[in-house]
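For reference, the structure is listed below as structure tokens.
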Amino acid sequence: MAGGGFCRLPNGTVVVALTLTRPGGTSAEPGAPVRVLVHAANRARALTRLRNLGLRAVYLRGNAAPPTPDEVTAVLHHPDGLLWRGAPTADGSGEGPQGHLTLQSGQELWHPIRALLGPAGHAGPARPAA
């Protein structure tokens, strides 16, 4: 994991921001870095929400890259509380998948987590039938 962090809000909840690699199950740019935002009651629950979606190797070590105020606003205004977009590169431009709208500054807009995980709804391999 390249970086991550969190911030505690006045109501006691937290917003966790992680930079992860795009799951290989998606068709567009597997392995590209993405910035994932999670709003939850505490840090452990935020990481559990991502693990339940199939993103198994998700850890938060330190607070090197906490969410920016814009990121906090974005995740608080989304009904699911889970968002992602292409992580900025070293030159500061966002790398988004082809066909997605971008701002004039070149920064990609936020997407719901379902767009990252694909039609199956989880990042892991297909689950066997019971």
Side-chain angles (χ1 to χ4, degrees):
M1 172 183 348
F6 69 95
C7 70
R8 185 163 300 278
L9 302 177
N11 65 357
T13 61
V14 297
V15 173
V16 174
L18 298 167
T19 302
L20 307 171
T21 57
R22 181 186 298 266
T26 60
S27 60
E29 303 177 24
V34 294
R35 182 84 162 164
V36 178
L37 301 177
V38 184
H39 180 230
N42 56 44
R43 286 178 284 173
R45 286 190 182 180
L47 297 176
T48 300
R49 288 185 74 184
L50 291 174
R51 290 182 185 126
N52 288 342
L53 292 171
L55 302 170
R56 297 293 178 209
V58 176
Y59 299 100
L60 181 62
R61 295 187 181 113
N63 200 16
T68 64
D70 290 337
E71 291 175 336
V72 172
T73 302
V75 77
L76 289 177
H77 284 86
H78 193 271
D80 292 339
L82 279 165
L83 295 174
W84 73 276
R85 74 174 170 195
T89 58
D91 62 358
S93 65
E95 283 191 41
Q98 297 294 330
H100 286 291
L101 296 175
T102 57
L103 297 175
Q104 289 182 352
S105 65
Q107 193 172 32
E108 183 181 354
L109 298 177
W110 291 102
H111 309 286
I113 197 73
R114 291 180 303 276
L116 178 66
L117 301 177
H122 59 88
R127 296 179 182 168

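Index from 1, following the sequence. Just so you know, these numbers come straight off a predicted model, no measurement behind them. Just the heavy atoms: all of them, side chains too, but no hydrogens, waters or symmetry mates, feed the values below.
- Geometrically, Arg43 does not engage Tyr59 in a cation-pi contact, judged by NZ or CZ lying under 6.0 Å from the ring centre and within 45° of the ring axis.
- Judged by distance alone, the side chain of Trp84 and the main-chain N or O of Pro112 form a donor-acceptor pair under 3.5 Å.
- Nearest heavy-atom pair across Leu76 and Leu9 is CD2-CD1, 3.8 Å.
- Of all the heavy atoms in Thr19 and Ala87, the pair that sits closest is CG2-CB, 4.0 Å.
- Nearest heavy-atom pair, Arg85 versus Glu71, reported as atom, atom and distance to 0.1 Å: NH2-OE2, 4.4 Å.
- If you take OG1 on Thr73 and CH2 on Trp110, they are separated by 11.0 Å, rounding to the nearest 0.5 Å.
- Although no hydrogens or angles enter the test, the distance criterion places a donor-acceptor pair under 3.5 Å between the side chain of Arg8 and the main chain of Gly12.
- A donor-acceptor pair under 3.5 Å is formed between the side chain of Arg49 and the backbone N or O of His39.
- Residue-environment remark: CZ (Arg45) stays at or below the threshold of 12 foreign heavy atoms within 6.0 Å.
- For the pair Phe6 and Pro66, the tightest heavy-atom approach, listed with the atom from each and the gap, is O-CB, 3.8 Å.
- The nearest pair of heavy atoms linking Pro67 to Cys7 is CG-SG, 3.8 Å.
- With rounding to the nearest 0.5 angstrom, the CG atom of Leu82 is 9.0 Å from the CG atom of Leu37.
- The shortest distance between side-chain heavy atoms of Leu20 and Leu55 falls below 4.5 Å.
- When side chains are defined from C-beta on, Leu18 does not count as touching Val38, because their heavy atoms never get closer than 4.5 Å.
- A donor-acceptor pair under 3.5 Å is absent between the side-chain atoms of Arg22 and the main chain of Leu116, judged by distance alone.
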Do Thr13 and Asn11 pass the side chain to side chain donor-acceptor pair (under 3.5 Å) test, and can you show the C-alpha distance, the side-chain angles, and the key distance before you say yes or no? CA-CA 6 Å; Thr13 61; Asn11 65 357; 2.8 Å; yes
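- A side-chain donor-acceptor contact under 3.5 Å links Asn42 to the backbone of Ala44.
- Residues Ala46 and Val16 come closest through the heavy atom pair CB-CG2, 3.6 Å.
- Partners of Thr21 under the side chain to side chain contact (heavy atoms under 4.5 Å, CB included) rule, at least two apart in sequence or in another chain, do not exist in this structure.
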